[in-house]
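The structure appears below as structure tokens.
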Amino acid sequence: MAGDEGPDDAERHGREGARVVEAVARAVVGKDDVLRRVLAVMAAGGHVLLEDVPGTGKTSMARAFARALGLRAGRVQFTPDLLPGDVTGSAVPGPDGSLVFEPGPVFTQLLLADEVNRTPPKTQAALLEAMQERQVSADGTTHPLDPCFTVLATANPVETEGTYPLPEAQLDRFLARVAVGYPAAEDERDLVQRRVQRRREEVEVPAVLDAEGFLRLRDAVERVHADAAVVEYAVGLVRATRDHPSVLVGASPRGSLGLVQLARAWALLQGRGYVVPDDVADLAVDVLAHRLVLRPETWVRGEPATAVVADVLRDVPLPRVEAAATAP
């Protein structure tokens, strides 16, 4: 059964997404594919972990997305002495002496969690409820977060001193982990030349959408059709991670849900109202690699989780889906 997202609507949202990527690309040069992946995660209603070495534009990307999407942005610089209340908020004395809840930085629309792996697990865990339930519980009272609430977290995978590994429960809350990577030589030259020409550090990023437009984009993702064969393929990939000899703990059912949901958003940003199997395959590493717990001997050999997902992609055959089954 086809979805409700017609060809014209899907193409319109695809053009909107292209304009957002074009706007953000003013600040992040030569990373259009990465920008599309991050936007797809946000459109799918998920949170994204940007992981790479310092200086590759992770923080600039988060700020540029906030401007392009017209979202109210907040930022938390995670440090070893950061407390949970510094993130979610805490009770403070009011004018009459009673305790009043003072909202923390999570009460925003787009939260930049900068260097999230530099704070202890207790503070990292303060984000869990906010990311999954989009609410904060304090002193027996539940405080809902903004419907647009999205976390863009950055992490440095190289340094070990002063960092804390993200627990599996928190990693599982990120819909995708995206590596930014170094720009190509030509793009790096362009990046420097642009900085010289504009004579200032700040980059002007125009607003393409607003909060209402962003929520409409999310709603449109829910109308993108995913054929039963596509769903079966996604579930097959996830289940195959659990049987891989290098894996101690495979991806959870949340991985299956996330992979299909992100594929729907990816299809919409391509201007389609339906998912094809290649959408799932293109996103499998982003969605699944960070959810795997490798066996100790695998870690000692230096085999990355991305290689495990690559093995799974080779082992699980790509289904053939008739056009009639995908077209809305």
Side-chain angles (χ1 to χ4, degrees), residues 37-51 62 65 69 71-76 78 82-90 101 103-117 119-155 164-178 211 214-215 217-219 221-222 234-235 238 241 249-265 283 286-293:
R37 291 174 186 271
V38 173
L39 179 58
V41 173
M42 299 175 69
H47 311 288
V48 61
L49 177 62
L50 301 172
E51 187 176 77
F65 266 114
L69 295 171
L71 299 179
R72 187 175 69 257
R75 181 177 181 270
V76 178
F78 282 81
L82 196 71
L83 298 175
D86 297 330
V87 178
T88 60
S90 57
F101 180 72
V106 296
F107 287 85
T108 188
Q109 293 176 323
L110 180 59
L111 177 68
L112 170 59
D114 213 359
E115 296 185 297
V116 68
N117 59 335
T119 200
K122 183 177 181 180
T123 304
Q124 292 175 5
L127 276 177
L128 286 179
E129 182 186 17
M131 292 174 66
Q132 183 63 29
E133 306 295 336
R134 284 184 164 80
Q135 65 181 29
V136 170
S137 298
D139 299 323
T141 303
T142 299
H143 306 274
L145 298 176
D146 192 280
C148 295
F149 177 70
T150 304
V151 174
L152 265 65
T154 70
Y164 301 83
L166 294 175
E168 287 78 10
Q170 181 162 345
L171 283 172
D172 205 34
R173 281 355 185 244
F174 287 104
L175 177 53
R177 181 179 62 185
V178 180
F214 178 61
L215 291 177
L217 181 64
R218 280 188 172 177
D219 183 64
V221 171
E222 297 296 341
V235 172
V238 172
T241 66
V249 180
S252 69
R254 186 180 282 120
S256 300
L257 291 167
L259 185 53
V260 173
Q261 184 69 1
L262 186 55
R264 297 169 80 191
L283 300 164
D286 296 340
V287 177
L288 300 181
H290 67 287
R291 302 175 191 272
L292 307 182
V293 179

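Count residues from 1 along the sequence.
The CG atom of Leu145 sits 8.5 Å away from atom CZ of Arg134, with the distance rounded to the nearest 0.5 Å. Taking CG of Leu288 as the reference point, atom CZ of Arg177 lies at 11.0 Å (rounded to 0.5 Å). To the nearest 0.5 Å, atoms CG (Asp114) and OG1 (Thr154) are separated by 3.5 Å. Of the inter-residue distances, the one linking Leu71 atom CG with Met42 atom CE reads 6.0 Å to the nearest 0.5 angstrom. Residue His47 holds its NE2 atom at 6.0 Å from CZ of Phe149, rounded to the nearest 0.5 Å. Atom CG in Leu128 sits 10.5 Å away from atom CD in Glu133 (nearest 0.5 Å).
Partners of Glu168 by salt bridge (Lys or Arg N to Asp or Glu O under 4.0 Å), not counting sequence neighbours: none found. Every residue two or more places apart in sequence or in another chain was checked for a side chain to side chain donor-acceptor pair (under 3.5 Å) with Thr88, and none qualifies. Applying the side-chain contact (heavy atoms from CB on, under 4.5 Å) criterion to Ala234, with sequence neighbours excluded, gives Leu259, Val260, Val280. Applying the side-chain contact (heavy atoms from CB on, under 4.5 Å) test to Val249 and every residue at least two apart in sequence or in another chain returns Val293. The side chain to side chain donor-acceptor pair (under 3.5 Å) check on Arg37 picks up Asp33, Asp286, with sequence neighbours excluded. Contacts of Ala62 classified as side-chain contact (heavy atoms from CB on, under 4.5 Å), with partners at least two apart in sequence or in another chain: Leu112, Leu152. Looking at residues two or more places apart in sequence or on another chain, you find a salt bridge (Lys or Arg N to Asp or Glu O under 4.0 Å) between Asp172 and Arg254, Arg291. A search for side chain to side chain donor-acceptor pair (under 3.5 Å) contacts involving Gln124 returns nothing, not counting sequence neighbours. Partners of Glu129 according to the salt bridge (Lys or Arg N to Asp or Glu O under 4.0 Å) rule, which considers only residues two or more places apart in sequence or in another chain, do not exist here. Applying the side-chain contact (heavy atoms from CB on, under 4.5 Å) criterion to Thr141, with sequence neighbours excluded, gives His143. With sequence neighbours left out, Thr123 forms a side chain to side chain donor-acceptor pair (under 3.5 Å) with no residue at all.
A donor-acceptor contact shorter than 3.5 Å links the side chain of Thr241 to the backbone of Val238.
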* Can you check side chain to side chain contact (heavy atoms under 4.5 Å, CB included) on Cys148 and Leu110, steps first, answer last? -> CA-CA 7 Å; Cys148 295; Leu110 180 59; over 6 Å; no

* To do: Show the numbers, then the answer: is there a side chain to side chain contact (heavy atoms under 4.5 Å, CB included) between Val38 and Leu50?
  => CA-CA 9 Å; Val38 173; Leu50 301 172; 3.7 Å; yes

* Check against side-chain hydrogen bond (donor to acceptor under 3.5 Å, both in side chains), Gln261 and Arg264 -> CA-CA 5 Å; Gln261 184 69 1; Arg264 297 169 80 191; 3.1 Å; yes

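Closest heavy-atom contact between Ala113 and Val151: CB-CG1, 4.2 Å. Contact between Val87 and Phe78 at its shortest, heavy atoms only, is CG2-CE2, 4.2 Å. Shown here for Pro144 and Phe107, the closest heavy-atom pair between the two residues is O-CE2, 3.7 Å. Here the closest heavy-atom approach between residue Ala130 and residue Val136 is recorded as CB-CG2, 4.5 Å. The two residues Gly255 and Val287 have their closest heavy-atom pair at O-CG1, 3.9 Å. Ala44 approaches Leu175 most closely through the heavy-atom pair CB-CD2, 3.8 Å.
A heavy-atom distance below 4.5 Å is found between the side chains of Leu166 and Leu49. Side-chain contact between Val41 and Leu262: present, with at least one pair of heavy atoms (C-beta onward) separated by less than 4.5 Å.
Each of Arg218, Met131, Gln109 was checked for a side-chain contact (heavy atoms from CB on, under 4.5 Å) with Thr150, and the lone residue meeting it is Arg218.
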